[in-house]
Amino acid sequence: MELSKSSAKVLREFVEDPAKEQYGYGLMLATRVKSGSLYPILERFERLRWIEGYDEVIDEHAEGRPRRRLYRLTALGEREARRAVAEFYHDVGRAPSWLPRIEGA
């Protein structure tokens, strides 16, 4: 599957901790993908059954916030996401020598 840069960032976030439940705002902060791009990406991955989405079960009054829509990687999604992200970075190619190295990268 051909990934956009934003899709690769979102999938990478899921794959870095496959058991972690993700939610929209947290993904926006972690990936810097804006909501107008993020939610269509999440919907696409749900249709592919790479992630599953469900509504959080909380007492909104006690928590002081609305319920979140949570997403988790499926077994199929983890396999396919790892492959797709690896292909994305492989296709980008090696960084040119003149490009400064980013600390922690």
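Hydrogens, waters and symmetry mates play no part in the numbers below; they use all other heavy atoms, side chains included.
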- Query: Of all heavy-atom pairs between Ser35 and Pro40, which one has the smallest distance, and what is that distance?
  - Reply: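 For Ser35 and Pro40, the tightest heavy-atom pair comes out as O-CD, 4.0 Å.
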- Query: Which heavy atom of Val33 sits nearest a heavy atom of Met28, and at what distance?
  - Reply: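 For Val33 and Met28, the tightest heavy-atom pair comes out as O-CG, 3.2 Å.
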Could you grab the distance from atom [atom1] of [X] to atom [atom2] of [Y], nearest 0.5 Å is fine?
X	Y	atom1	atom2	result
Arg72	Glu52	CZ	CD	4.5 Å
Glu21	Ile51	CD	CD1	12.5 Å
Leu76	Trp50	CG	CH2	8.0 Å
His90	Arg83	NE2	CZ	14.5 Å
Arg32	Leu38	CZ	CG	14.5 Å
Tyr54	Leu70	OH	CG	4.5 Å

- Residue list, side-chain hydrogen bond (donor to acceptor under 3.5 Å, both in side chains) with Glu56, at least two apart or on another chain: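 Once residues adjacent in sequence are excluded, the partners of Glu56 under the side-chain hydrogen bond (donor to acceptor under 3.5 Å, both in side chains) criterion are Arg65.
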- Task: Using side-chain hydrogen bond (donor to acceptor under 3.5 Å, both in side chains) as the criterion, list what pairs up with Arg79, not counting sequence neighbours.
- Result: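 Counting only residues at least two positions away or on another chain, Arg79 forms no side-chain hydrogen bond (donor to acceptor under 3.5 Å, both in side chains).
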- Task: Just jot down the ring pair (Phe, Tyr, Trp, His ring centres under 6.0 Å) partners of Tyr71, sequence neighbours excluded, or say none.
- Result: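 If we apply the ring pair (Phe, Tyr, Trp, His ring centres under 6.0 Å) test to Tyr71, skipping adjacent residues, there are no hits.
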- Query: When you look at CZ of Arg69, are more than 12 heavy atoms from neighbouring residues, nucleotides or ligands closer to it than 6.0 Å?
  - Reply: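 Counting other residues, nucleotides and ligands, CZ of Arg69 exceeds 12 neighbours.
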- Give a yes or no on whether Glu2 atom CD has more than 12 heavy-atom contacts from other residues, nucleotides or ligands under 6.0 Å away.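 No.
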- Query: Listed by chain and number, what are the side chain to side chain contact (heavy atoms under 4.5 Å, CB included) partners of Arg47, not counting sequence neighbours?
  - Reply: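 Checked Arg47 against side chain to side chain contact (heavy atoms under 4.5 Å, CB included); matches are Glu43, Arg44.
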- What residues, two or more places apart in sequence or in another chain, satisfy side chain to side chain contact (heavy atoms under 4.5 Å, CB included) together with Pro18?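 Per chain and number, Pro18 pairs via side chain to side chain contact (heavy atoms under 4.5 Å, CB included) with Leu73, Glu78, Arg82.
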- Task: For the pair Glu46 (side chain) and Gly53 (backbone), establish whether a donor and an acceptor sit closer than 3.5 Å, ignoring hydrogens and angles.
- Result: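 Checked: pair present.
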Taking distance alone, no hydrogens or angles, what donor-acceptor pairs closer than 3.5 Å link side-chain atoms of residues 5-15 to residues at least two apart or in another chain?
residue : atom : partner : partner atom : Å
Ser7    : OG   : Ser4    : OG           : 3.0
Lys9    : NZ   : Thr31   : O            : 3.1
Arg12   : NE   : Glu16   : OE2          : 3.2
Arg12   : NH1  : Tyr89   : OH           : 2.9

